[in-house]
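Chain A is the first sequence line, chain B the second, and so forth, proteins listed ahead of strands; every chain is numbered from 1. The structure presented is a predicted model; accordingly, all values stated were derived computationally and were not measured.
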Number of protein chains: 2
Amino acid sequence: MKSEKPNLSAIAQALGVSVATVSNALSGKGRVSSELAERIRDTAHSLGYVPSVAGRALRTGRSGVLGLVLPDIANPLFPQIAQAIEHAASAAGYGVLIGDSRGAVEQQTQAILRLIDRGVDGIIIIPRRGTRIADIGCPVAVIDTPATPGNTVASDHWAGGEEMGRHLRVLGHRSVLILAGSALSNVQNDRVGGLRAGLGPDVRADVLWLERHAEAEGAEAPLGLAARVRQGVTAFAALSDLTAVRALTELQAAGIAVPAAASVTGFDDLIWSSVITPSLTTLRMDMGEIARQAVQALAAVIEDLPHGQVTALGTVVAERAAVPMKLMLRQSSGPCPAERELLNGDEQ
Amino acid sequence: MKSEKPNLSAIAQALGVSVATVSNALSGKGRVSSELAERIRDTAHSLGYVPSVAGRALRTGRSGVLGLVLPDIANPLFPQIAQAIEHAASAAGYGVLIGDSRGAVEQQTQAILRLIDRGVDGIIIIPRRGTRIADIGCPVAVIDTPATPGNTVASDHWAGGEEMGRHLRVLGHRSVLILAGSALSNVQNDRVGGLRAGLGPDVRADVLWLERHAEAEGAEAPLGLAARVRQGVTAFAALSDLTAVRALTELQAAGIAVPAAASVTGFDDLIWSSVITPSLTTLRMDMGEIARQAVQALAAVIEDLPHGQVTALGTVVAERAAVPMKLMLRQSSGPCPAERELLNGDEQ
DNA sequence: CGTTATCGATTAAACGATTAACCAGATTCG
DNA sequence: CGAATCTGGTTAATCGTTTAATCGATAACG
């Protein structure tokens, strides 16, 4: 039968020293003889001592917890993000509290405030499209796109788009339809810009904004992609895998073979992107790296903050480079059908 | 310029009363004249008082935080779950700390221990397939399937499967292939059982276990569904939308029209299920209700726990009924092709 | 009228960790 | 040799909240 949770004084009593010494020994801050420190660590370990978060938080004013706020927690990317952040935070000694800003923009602020009330030391925000984070009295790391002011760390969406654009251009496509979500999203605008740059001036690239389409036709209405193919479009570059699979199935259902008759590409490399048929050519973010940088930036600010003081500076500004995206070359993108025969007229 | 964060004594000083009275007034526990209580609440509000989680946690031994552990945080269902739990927890006054048990089974225990060390009051676990939760000294709510021992709350996967089975049988299908993931998953076994029951004895229902298939052929290998169709299978009942979209695209790519030539159904109603073509007939869990029940069960145990005492009882046992699933009837399921002409020989 | 309840509020003691201030003894230095 | 420095520790205060114990005063009761 275990006794109650051991605390500092339990260790202190066991060794006949003062709690202060134990605290110093374990934190390595004060002056303790290395011999005694060793013994203290030993007994602490053998007693199964684990510091009380509450006690420490109360005294130091730091909770050791980071908040994570996403525009829409239902975002299919959330698992990847959450996992990466949790991992990075855990490695840095922080816990991660989730905050949901379901729905409207004000909710985002609400969620942030709730997290602050809970005493988080810092917040990682992936902002709702078109939102600027107000200056709250708490360190904030923003993950968006490098172009966003106040951004802390992000994937290089522009360069990613550019690479994808080049990929399609090299395959010979000359008329591409970009399937975008919301024109308010900085990320999406960057991706569009990059795509256009990569496609170059000779390639026609129209954009279909799904948000507008949804307003006009309804959220689940067909996108009319078969008609686009008849008008000469040979590749569909979706700005998210979610849209890409939507496009892919719509084309397939219309009897248009992918990639034989039309190519489809996506962004994000969501979990199912590799198992569908044809598997999806897409761009993957290095969430691990992004999370690591975001957490590091936050931790740096938090740790050299005068303790009780409420920081006036809101957003953490990091001068780190944008994290490159990785092109996942798979089966959904292929040569432009017109050029197909010229290259190799195999498997029809 | 705001002063420092107001605490109880700030309010007490402002009104010339003792902190204890303020605490009592705000918590409504002690005996305070209603008139004074009113004034206290007013000034508390006008000063923007928000209780210190750390102080309270230290004193009461309760952190007001629940841990959320999922077998695989990368699970595409995670967003829904996390959002629902966060919502329910928030409504009940709790925060949600995420714990990631990425990978192996031991990690699950690791994650749980980390959460406990962080001082969570209780943990919600969606266990890794085939895992039993060891008795940890902390209230736990398990979300799995009603058949699991120690289960707290769950969807009625069996009844859901049964409904889907009936749906397919009524449509005239007589040979169905069930696409399952792992035979170790209680949830999946329940779904298979339900499906078979719903399909009845006259319908042939084979099961393709993807886990075995992946071991034999590789994770991304085609499932060979076209061959199955040639062998007479007219419907594919996937145990998750992830698998369903995999099957759907494989069939489409093979030139098999869905639902004209074969039906496909799923489970989970993931975010993209309604926008693909054809939109997916699937079963949706009532995550909101499940989360609410799980949080309630936890909160109940937590709140009448003798305060400092470490609970010996591990799992929370709730006698609640399984939460029903909801059949989302969409376009991917249709009449059995053989009977199609008999019913109505329209479009295509 | 003396004895209890009751009400309304105060006192003071935790909870567990951190840390500035202090102190006794041993070194070192001018 | 006296003073300053260093070493290895201890004391005590503090973070903000909760809560059991207490206390004066007023009302109720036999």
Side-chain angles (χ1 to χ4, degrees), chain A residues 3-41 44 47-64 93 117-119 121 303 305-310, chain B residues 3-41 44 47-64 93 117-119 121 303 305-310:
Chain A
S3 60
E4 296 299 311
K5 296 243 156 185
N7 49 14
L8 280 191
S9 60
I11 305 177
Q13 248 183 315
L15 288 175
V17 297
S18 78
V19 286
T21 304
V22 178
S23 174
N24 282 332
L26 294 180
S27 68
K29 291 208 166 174
R31 298 174 302 192
V32 186
S33 72
S34 52
E35 184 264 346
L36 179 54
E38 178 79 11
R39 278 200 303 153
I40 289 181
R41 275 191 298 270
L47 259 64
Y49 168 74
V50 35
S52 150
V53 211
R56 173 177 294 164
L58 179 56
R59 175 61 222 243
T60 63
R62 299 208 292 253
S63 60
D117 286 355
R118 280 221 169 272
D121 293 338
E303 264 139 46
L305 215 55
H307 291 189
Q309 178 186 328
V310 176
Chain B
S3 59
E4 296 299 312
K5 296 246 159 187
N7 50 14
L8 280 191
S9 59
I11 305 177
Q13 249 183 316
L15 287 175
V17 296
S18 75
V19 286
T21 304
V22 178
S23 173
N24 283 331
L26 293 180
S27 67
K29 289 209 168 176
R31 298 175 301 190
V32 187
S33 73
S34 51
E35 185 264 347
L36 178 53
E38 178 78 11
R39 279 201 302 153
I40 289 181
R41 275 191 298 269
L47 259 65
Y49 168 74
V50 35
S52 148
V53 205
R56 173 177 293 165
L58 178 56
R59 174 62 220 240
T60 64
R62 299 209 291 252
S63 60
D117 286 355
R118 280 221 170 272
D121 294 336
E303 264 139 46
L305 217 55
H307 292 186
Q309 177 184 330
V310 176

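As rounded to whole Å, 15 Å separates atom P of D/dT17 from atom NZ of B/Lys29. Put simply, CZ on B/Arg62 is 13 Å from C1' on D/dT17, counting in whole angstrom units. In this structure, B/Asn24 places its CG atom 14 Å from P of C/dT11, rounding to the nearest Å. Summarising the geometry, the separation between CG on A/Leu15 and C1' on D/dG9 is reported as 14 Å, rounded to the nearest angstrom.
Put simply, the side chain of A/Glu35 does not reach to within 4.5 Å of the side chain of A/Glu38, judged on heavy atoms. Side-chain contact check for A/Thr21 versus A/Leu15: every heavy-atom pair is 4.5 Å or farther apart.
Each of B/Ala20 and A/Ser18 was assigned the nucleotide of DNA chain D with the nearest heavy atom; the assignment lying further toward the 5' end belongs to A/Ser18.
Between the CD1 atom in A/Ile11 and the CD1 atom in A/Ile40 there is a gap of 8.0 Å [rounded to 0.5 Å]. Interatomic distance, CG of B/Leu58 versus OG of B/Ser52, reported as 9.0 Å (0.5 Å rounding). If you take NZ on A/Lys5 and CG on B/Asp117, they are separated by 6.5 Å, rounding to the nearest 0.5 Å. Rounding to the nearest 0.5 Å places CG of B/Leu8 at 12.0 Å from CD of B/Gln13.
Under a 3.5 Å cut-off, the side chain of A/Asp121 and the backbone N or O of A/Gly64 do form a donor-acceptor pair.
Of the residues A/Ser23, A/Pro51, A/Ser27, A/Ser63, the one that meets the side-chain contact (heavy atoms from CB on, under 4.5 Å) test with A/Arg56 is A/Pro51.
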Would you tabulate the nitrogen or oxygen pairs shorter than 3.5 Å linking the protein to nucleotides 13-16 of chain D?
residue, atom, partner, partner atom, Å
D/dT14, O2, A/Arg59, NH1, 3.0
D/dC15, O2, A/Arg59, N, 3.4
D/dG16, N2, B/Gly55, O, 3.2

All N/O pairs under 3.5 Å across the protein-nucleotides 22-27 of chain C interface:
none

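Residue-level contact check: A/Ser23 touches the bases, meaning some heavy atom is under 4.0 Å from a base atom.
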